[in-house]
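First comes the structure, then the notes that go with it.
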Amino acid sequence: MPRAMPPATDLHGTLTVLRFPLAARPGITAEARARTADWLDDTTERAVVTDVVLLVSELVTNAVRHTGGPGTLLLARGGSLLRIEVTDSSPRPPRSRRPRRPEDLGGLGLFLLARLTRRWGWYRHGPGKAVWCEVFLPPPRSLPAC
């Protein structure tokens, strides 16, 4: 598992950011997925958007399910890199666990994070922590000339 460390500043070029406050309430994960998909609407490869939406879903769900409360979803895009970050109120580091049986629900979130991202980690953030990951994005779809 990655050690506690803040993410490096590998984002280059024009930086675009989405901050979405999270609350422990029904539907928040679905809202975070929808906001993410909308924000990445200009991405040319839909499979990449699907992966990013899955990662957001896992991070937000973990923050809701395993901590005292989620904080904020941050999406930061610079050049060909996207950073996804979710803060929560628990200082406990994320912990991988494996399902014991194939029919067990859960336990694959951090495994998916490790498989689908360039890198991931966590760091202390106020009284809690932030869990982050980075993925490569294709260039945005160019707008038609007027």
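Numbers here are sequence positions counted from 1. What's counted below: heavy atoms across the whole structure, side chains too, no hydrogens, waters or symmetry copies.
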Any donor-acceptor pair under 3.5 Å linking the side chain of T50 with the backbone of R46?
-> yes
May I ask you to test the L40-L137 pair for a side-chain heavy-atom distance under 4.5 Å?
-> yes
What distance do T16 atom OG1 and L75 atom CG have between them, rounded to the nearest 0.5 Å?
-> 9.0 Å
Least distance between heavy atoms, P91 atom then W122 atom | O-CZ3, 4.3 Å
Closest approach of P21 to I28 (non-hydrogen atoms, all atoms of both residues) = O-CD1, 4.3 Å
Charged N-O contact under 4.0 Å between R77 and D42 | yes
Rounded distance (nearest 0.5 Å) linking atom OG1 of T36 with atom CD1 of I84 | 7.5 Å
State which residues pass side-chain contact (heavy atoms from CB on, under 4.5 Å) with P138; sequence neighbours excluded, sorted by chain then number.
-> T43, T44, E45, V48
Looking at L54, N62, L55, which hits side chain to side chain contact (heavy atoms under 4.5 Å, CB included) with L113?
-> L55
Which pairs pass salt bridge (charged side-chain N to carboxylate O under 4.0 Å, His left out) with one or both residues in residues 23-39, sequence neighbours excluded?
-> R25-E31
Do you know the tightest heavy-atom contact between A23 and P70?
-> C-CG, 3.8 Å
Can V86 and V131 be said to form a side chain to side chain contact (heavy atoms under 4.5 Å, CB included), step by step?
-> CA-CA 5 Å; V86 172; V131 181; 5.5 Å; no
Any donor-acceptor N/O pair, R92 side chain to G128 backbone, under 3.5 Å = no
Atom pair NE2 (H125) and OG (S89), whose distance is rounded to the nearest 0.5 Å | 11.0 Å
Interatomic distance, SG@C133 vs CG@L112, rounded to 0.5 Å, equals 11.0 Å
Counterpart residues, side-chain contact (heavy atoms from CB on, under 4.5 Å), relative to R19 (two or more places apart) = V17, T72, L74
Note, L116 side chain near V135 side chain (heavy atom, < 4.5 Å) | no
Check P94 against W120 and note the closest heavy-atom contact, atom names and distance.
-> CG-CZ3, 4.0 Å
Paired with K129, the side-chain hydrogen bond (donor to acceptor under 3.5 Å, both in side chains) test is passed by just one of D88, T67, T87, namely D88
What distance do W39 atom CH2 and D41 atom CG have between them, rounded to the nearest 0.5 Å?
-> 12.5 Å
Distance from D51 atom CG to F136 atom CZ, nearest 0.5 Å?
-> 14.0 Å
Student check: side-chain heavy atoms of W132 and T117 closer than 4.5 Å | no
Step by step, would you call L110 with R95 a side chain to side chain contact (heavy atoms under 4.5 Å, CB included)?
-> CA-CA 8 Å; L110 295 179; R95 191 183 79 185; 5.5 Å; no
